[in-house]
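Taking it in order: structure first as structure tokens, then the write-up.
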Amino acid sequence: MIATPHSSDQLAAAAADFSTSPMLVFYEVTRACDLVCRHCRACAAPKPVPGELSSAESQQLIDQLAEFPSPPLLVITGGDPLKRPDLFELITYAKGKGLDVSITPSATPLVTRPAIERLRDCGISRMAISIDGADADTHDAFRGFRGSFDRSLEILRDAHRAGLSTQINTTLTPENIHQVDRMADLFAELSIDLWSVFFLVPVGRGAILPRLSAEQCENAFERLWAHSRTQPYAIKTTEAPHYRRYVIQHQVASGQKRTARPAGFVTRGVNDGKGILFISYCGMIYPSGFL
């Protein structure tokens, strides 16, 4: 997930408005992508899937989003959004309609420094890049593309230099769970604003991957909770509502007020369907991209 409100006032305002407006809309502009990530929920392929919304249809979708009483944050995702030839025009159109727009590109050679600067000039407010390991061997094996780790770091640095807010998305699996501390420290060097930690949802290609055990989940929660109190960026979990339980237990045990959250703790239990919409490449609407 991307660009989540960080203050309790923002969360309360968004929650109060869910009956009339979504807070976040993820629009999968394409399923085309040159990577072959092992956990890909969309089973993306190099070329677009038949049925992808046209430019005119995508603009009509943006028009409808702008009509909500409280227009949502639009997150452009994929596949790889940069495989879509009209991407920059769609971003400009959405900004012209008053929408705040973020993007989650794939770490491929398409994300050049000029492309990042053009995304900034079109009005992108945040860029999220996926990093699934503390080193190239772990990450590249997960993404199916040698050099992906170094490319991801380069993109994040270029985006920061361009003045964009940046975010890292990480999917935890038994293969990288032991690297949480190393990843947390590495990401502190990249001037990111948010680390969004996904707990694997077994859909798409991810259906055959091993999942974290209960003990591994608890260990991950312990490390994330510790880092949320020391790292310079915010930390949130995605598809891990049980992290909320862990945090409350440790707040109670320490005598800390349950409302006193560290800067890195951003959660409202299960987000799917609560202020969130996912719109697929062909215009189907879901409460979550994992359904």
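The backbone N or O of A162 lies less than 3.5 Å from a partner atom in the side chain of R120, making a donor-acceptor pair. Looking only at distances, no side-chain donor or acceptor of D100 sits under 3.5 Å from a matching main-chain atom of L73. Side-chain atoms of R229 come within 3.5 Å of backbone atoms of W225 as a donor-acceptor pair (strictly under, hydrogens ignored). Of the possible polar contacts, none joining the S106 side chain to the T108 backbone as a donor-acceptor pair under 3.5 Å is found. Under a 3.5 Å cut-off, the side chain of D140 and the backbone N or O of G147 do form a donor-acceptor pair. Between the T170 side chain and the D132 main chain, no donor and acceptor come within less than 3.5 Å of each other.
Around the CD atom of E89, the shell of radius 6.0 Å holds more than 12 heavy atoms that belong to other residues, nucleotides or ligands. For R182, the CZ atom sits in a packed shell: over 12 heavy atoms of surrounding residues, nucleotides or ligands are nearer than 6.0 Å.
Hydrophobic clustering (side-chain heavy atoms under 4.5 Å, transitive across Ile, Leu, Val, Met, Phe, Trp, Tyr) groups L74 together with I285. Note: the hydrophobic cluster containing L119 also contains L153 (ILVMFWY, side chain heavy atoms under 4.5 Å, direct or indirect links). L186 and I177 fall within a single hydrophobic cluster, where Ile, Leu, Val, Met, Phe, Trp and Tyr are joined by side-chain heavy atoms under 4.5 Å apart, directly or via other members.
Between D121 and R118 there is no salt bridge, since no side-chain nitrogen of the basic residue lies less than 4.0 Å from a carboxylate oxygen of the acidic one. The existence of a salt bridge linking R151 and E154 is confirmed by a sub-4.0 Å separation between a basic side-chain nitrogen and an acidic carboxylate oxygen.
In the model, N176 has no side-chain atom that pairs as donor or acceptor with a side-chain atom of T138 under 3.5 Å. A donor-acceptor pair shorter than 3.5 Å can be found between the side chains of R84 and S58.
Atom CD1 of I129 is separated from atom CD1 of I192 by 11.5 Å, given to the nearest 0.5 angstrom.
Contact between A220 and L172 at its shortest, heavy atoms only, is CB-CD1, 3.9 Å. Of all the heavy atoms in S196 and T238, the pair that sits closest is OG-OG1, 3.1 Å.
Not counting sequence neighbours, the partners of F149 by the ring-ring contact (aromatic ring centres under 6.0 Å, His included) test are H139. Shown here are the ring-ring contact (aromatic ring centres under 6.0 Å, His included) partners of Y281, two or more places apart in sequence or in another chain: there are none. Applying the salt bridge (Lys or Arg N to Asp or Glu O under 4.0 Å) rule to D63 yields the partners K97; only residues at least two apart in sequence or on another chain are considered. The side chain to side chain donor-acceptor pair (under 3.5 Å) check on T30 picks up E52, with sequence neighbours excluded. Under the rule for a salt bridge (Lys or Arg N to Asp or Glu O under 4.0 Å), R157 has no partner lying at least two apart in sequence or in another chain.
Between Q59 and L90 there is a side-chain heavy-atom pair separated by less than 4.5 Å.
The side chain to side chain contact (heavy atoms under 4.5 Å, CB included) with Y27 is formed by just one residue from the set L277, V75, L53; it is L53. Applying side chain to side chain donor-acceptor pair (under 3.5 Å) to Y246 and the options R244, Q249, H250 leaves one that passes, H250.
Not less than 6.0 angstrom separates the ring centroid of F26 from the ring centroid of F278.
Within the structure, the ring-ring contact (aromatic ring centres under 6.0 Å, His included) test picks out no pair touching residues 70-102 (sequence neighbours left out).
Ring pair H242/F199 is perpendicular by interplanar angle, where above 60° counts as perpendicular and below 30° as parallel. Ring geometry, W195 versus Y233: the interplanar angle exceeds 60°, so the pair is classed perpendicular (tilted spans 30 to 60°).
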